[in-house]
Amino acid sequence: MAVATLRLGDLGLEGWSRAGDESWFRVHPPGLALDAGRGAQELAGAGDLFLTHGHLDHALGVPFVLSQRSLHRLDATRVFCPAPAVEDLRALIEAAARLEELRYAYSLRGLASGERVEVGRDLAIEAFAVDHGVAALGYHLVRRRRRLAAELRGLPGAEVAQRRRRGETVDEELEELWLTYPGDTGPGVFALEPRLFESRLLLIECTFLAEEHRERGAAYRHLHLEDLVERQESFRNEAVVLVHLSRRHRPAELLRRAQERLPALAGRLHVFPPADE
Ligand SMILES: [Zn+2]
Ligand SMILES: [Zn+2]
């Protein structure tokens, strides 16, 4: 199956995303998976898998990933999903394990909006509510960073080092949204989670493009390019990556239209998979 990659500063993305086909991403660091598509070999390296919702273009790959990881005797996988989807997802996974006469090593935990999971040194995933009809969550990758406390800035380095040795607190911690992925969502997400405009990297769906499909976004709880156009002045992100494009269009067509219609995002706009796919 097809795999694309994209480098965004310190963060690497690997995956695939087309509406009605499949969507999955691996995020490096920390190597976790956002959605599982229909199952890709590249997902087998992910110890943590965050599922946005149960539509099969995102969820069918969950048992495949667990099967692959179990075959390779990798550590138990932590799977997270929207809380209302837990029992059905567990039934899907367990049915697959019985068919294979295997035991998958995994844990499954349902999340609610606002819940956090630690996913690495100084990294956490935070869930948020989105607008997609079925039980669905978006995810922020939150990075904690330490810097010299504001009141100590300007002091000589030796003085700071001495205070540190004395056991005084010289650092302050700050948090930033490093990456935000709402998964599938209609335009209601902008009111539900306005912090997505502030995240450094935004991976956002843009399923519909054509003028005649303007009504579909709202009806199917997906985004249309014009939903982004209306709000283009609000995006503070360093990069905005458009994903989940309908199979009616080629990524190159999306990139061209988006560049025309989103001048406020000039130099910050990407499509994934890239336009040459
Ligand atoms: Zn989808
Ligand atoms: Zn969906």
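If you read the sequence from its start, that first residue is 1, and numbering goes on from there. For ligands, and for the atoms within them, numbers begin at 1 and follow the listed sequence. The figures here come from the full heavy-atom set of this structure, side chains too, leaving out hydrogens, waters and symmetry mates.
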Quick check on the 6.0 Å ring-centre criterion: do Tyr181 and Phe25 meet it? yes

State plainly whether the residues Glu260 and Arg256 are in salt-bridge range, i.e. N to O under 4.0 Å. yes

Under 30°, 30 to 60°, or over 60°: which ring-plane class applies to His132 and His53, parallel, tilted or perpendicular? perpendicular

Leaving out waters, which are not shown anyway, how many protein N, O or S atoms lie closer than 2.8 Å to the Zn ion (ligand 1)? 4

Charged N to carboxylate O below 4.0 Å: is that the case for Arg195 and Glu198? no

Are any of the side-chain nitrogens in Arg231 or Glu226 under 4.0 Å away from the carboxylate oxygens of its partner? no

Ring centres of Phe197 and Phe190 under 6.0 Å apart? yes

